[in-house]
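Numbering starts at 1 and runs along the sequence shown. Here the structure is a predicted model, which means the values were calculated and not measured.
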Amino acid sequence: MWLLIAFIAVPLIEISLFIQIGGTIGLGWTLAIVLITAFLGTWLVRNQGMMALGQLRSSFSELRDPTEPLVHGAMILFAGALLLTPGFFTDAVGFALLVPQFRQAAFHAIRARINVQGFAQRSGPPRSDPHQDDIIDGDYHEISEPADTDRGPSGWTKH
């Protein structure tokens with residue numbers, strides 16, 4: 001239901017803002033602002049995304065919980081999609097998601113609503129249980145086919 005409301009409300013908000021702002025500053029300036037925010041947003045998303053990727057790599061190399069850098073990266077990706085969408089409301093939300101303090105507050109709000117049962121990282125190969133009943137030991141030997149050089153057609157072709 002929330003998704004339906006968003007798909008109806010966001011275009012209505014954008015249309016009303018385009019009418020209000022376009023009536024105040026004119027069509028040319030309105031279109032210029034939309035294009036400038038798209039280019040500025042793309043540049044900011046690229047820079048913020050590279051920083052988030054660096055934080056994710058460091059969390060993997062230090063064997064820390066990668067949840068926070070992953071969520072920040074997802075928020076930055078979502079901000080990029082919002083900034084490329086023409087509109088003032090989506091640009092405002094997109095730019096807000098590019099502010100690290102806003103992302104941090106959003107992360108804590110999301111984390112408070114989600115219950116994580118556990119998180120563990122293990123290095124090295126997975127350990128096997130020596131008491132598993134599905135392991136079958138066996139021996140084998142290879143049987144090589146005789147080297148027959150003139151076999152003729154395979155039967156799959158007609159020549």
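- Scanning all heavy atoms of the two residues, the minimum distance from G94 to A79 falls at O-CB, 3.4 Å.
- Atom CD1 in I33 sits 12.5 Å away from atom CG in L40 (nearest 0.5 Å).
- Counting only residues at least two apart or in different chains, side-chain hydrogen bond (donor to acceptor under 3.5 Å, both in side chains) contacts with residues 5-21 comprise E14-T90.
- The line from CG of L82 to CZ of F89 is 9.0 Å long, rounded to the nearest 0.5 Å.
- Grouped by direct or indirect side-chain proximity (heavy atoms under 4.5 Å, Ile/Leu/Val/Met/Phe/Trp/Tyr only), M1 sits with W2, L4, I5, I8, L12.
- Residue pairs meeting the side-chain hydrogen bond (donor to acceptor under 3.5 Å, both in side chains) criterion with at least one partner in residues 30-50, sequence neighbours excluded, are T37-D91, Q48-R103.
- The structure places CG of L53 at 10.0 Å from CG of L70, a figure rounded to the nearest 0.5 Å.
- L17 and I25 end up in the same hydrophobic cluster when Ile, Leu, Val, Met, Phe, Trp and Tyr side chains are linked at under 4.5 Å.
- Hydrophobic clustering (ILVMFWY, side-chain heavy atoms < 4.5 Å, transitive): I13 and V34 are in one cluster.
- Residues passing the ring pair (Phe, Tyr, Trp, His ring centres under 6.0 Å) test with F18 are F88, sequence neighbours excluded.
- M51 and L56 are not part of a single hydrophobic cluster, where members link through side-chain heavy atoms under 4.5 Å apart.
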Take F107 and M75 through the test side-chain contact (heavy atoms from CB on, under 4.5 Å) and record every step on the way to the result. CA-CA 9 Å; F107 173 71; M75 284 191 229; 4.1 Å; yes
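- The shortest heavy-atom contact between A38 and L84 is O-CD2, 4.3 Å.
- Hydrophobic clustering keeps F102 apart from L44 (ILVMFWY residues linked when any side-chain heavy atoms are closer than 4.5 Å, directly or through intermediates).
- When side chains are defined from C-beta on, R64 counts as touching S58, because their heavy atoms get closer than 4.5 Å.
- Heavy atoms only, all atoms of each residue included: P11 and A6 are closest at CD-O, 3.9 Å.
- When side chains are defined from C-beta on, L98 counts as touching L83, because their heavy atoms get closer than 4.5 Å.
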F95 vs V99, test: side-chain contact (heavy atoms from CB on, under 4.5 Å). Steps then yes/no. CA-CA 7 Å; F95 280 123; V99 176; over 6 Å; no
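- Placement of V71 and L97 within a single hydrophobic cluster is found when ILVMFWY residues are connected by side-chain heavy-atom separations under 4.5 Å, directly or transitively.
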